[in-house]
Student: 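Take a look at the following structure, please.
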Amino acid sequence: MAEQVLKDRYGHLPGKITQRSGQLEIRDAYGHLKGRYDPKTDTTRDVYGHIIGKGNLLTTLL
């Protein structure tokens, strides 16, 4: 499982992106799931399964 730590310009940790089962997941600083990106369909969905848009838009969910 790959993990990408996200930091803002002040060095604070707003979230992390991890890869699970071929999809990317974004979690906030508290570990709460915010959404998923599926590269097979090129679609980003929020935690409720609603489509956010085409492409990897995970960072817009933070």
Student: Tell me every residue that passes side-chain hydrogen bond (donor to acceptor under 3.5 Å, both in side chains) with Asp38, counting only those two or more places apart in sequence or in another chain.
Tutor: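 For Asp38, no residue satisfies side-chain hydrogen bond (donor to acceptor under 3.5 Å, both in side chains) once neighbours in sequence are set aside.
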Student: Quick one: pull up CD in Glu25 and CD in Gln19 and give me the separation to the nearest 0.5 Å.
Tutor: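 Output value for this atom pair is 10.5 Å.
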Student: Does one hydrophobic cluster hold both Leu62 and Leu33, with members joined at side-chain heavy-atom distances below 4.5 Å?
Tutor: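 Leu62 and Leu33: separate clusters.
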Student: Rounded to the nearest 0.5 Å, what separation is found between the CZ atom of Arg20 and the CD atom of Glu3?
Tutor: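 Going from CZ on Arg20 over to CD on Glu3, the span is 9.0 Å.
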Student: To the nearest 0.5 angstrom, please state how far the OG1 atom of Thr43 sits from the CG atom of Leu57.
Tutor: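 Rounded to the nearest 0.5 Å, the OG1-CG separation comes to 9.5 Å.
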Student: Would you name the heavy atoms of Arg45 and Ile52 that are closest together and state the gap between them?
Tutor: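 Here Arg45 and Ile52 meet closest at C-CG1, 4.0 Å.
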Student: The test is side-chain contact (heavy atoms from CB on, under 4.5 Å); show your working for Thr18 and Leu24 and say whether it passes.
Tutor: CA-CA 6 Å; Thr18 56; Leu24 297 176; over 6 Å; no
Student: If every non-hydrogen atom of Gly35 is compared with every non-hydrogen atom of Leu61, which pair is closest and at what distance?
Tutor: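 In terms of heavy atoms, the two residues are closest at CA-CD1, 3.7 Å.
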Student: If I take atom OH from residue Tyr37 and atom CG from residue Leu58, how far apart are they, to the nearest 0.5 angstrom?
Tutor: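 Separation between the atoms: 8.5 Å.
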Student: Can you tell me if Lys54 has over 12 outside heavy atoms packed within less than 6.0 Å of its NZ?
Tutor: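 Yes, NZ of Lys54 has more than 12 neighbouring heavy atoms, counting only those of other groups under 6.0 Å.
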Student: Rounded at 0.5 Å granularity, tell me how far CZ in Arg27 sits from NZ in Lys34.
Tutor: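 So the CZ of Arg27 and the NZ of Lys34 are separated by 11.0 Å.
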Student: Would you say the side chain of Leu6 lies within less than 4.5 Å of the side chain of Thr59, judging by non-hydrogen atoms?
Tutor: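 The answer is yes; the side chains approach within 4.5 Å.
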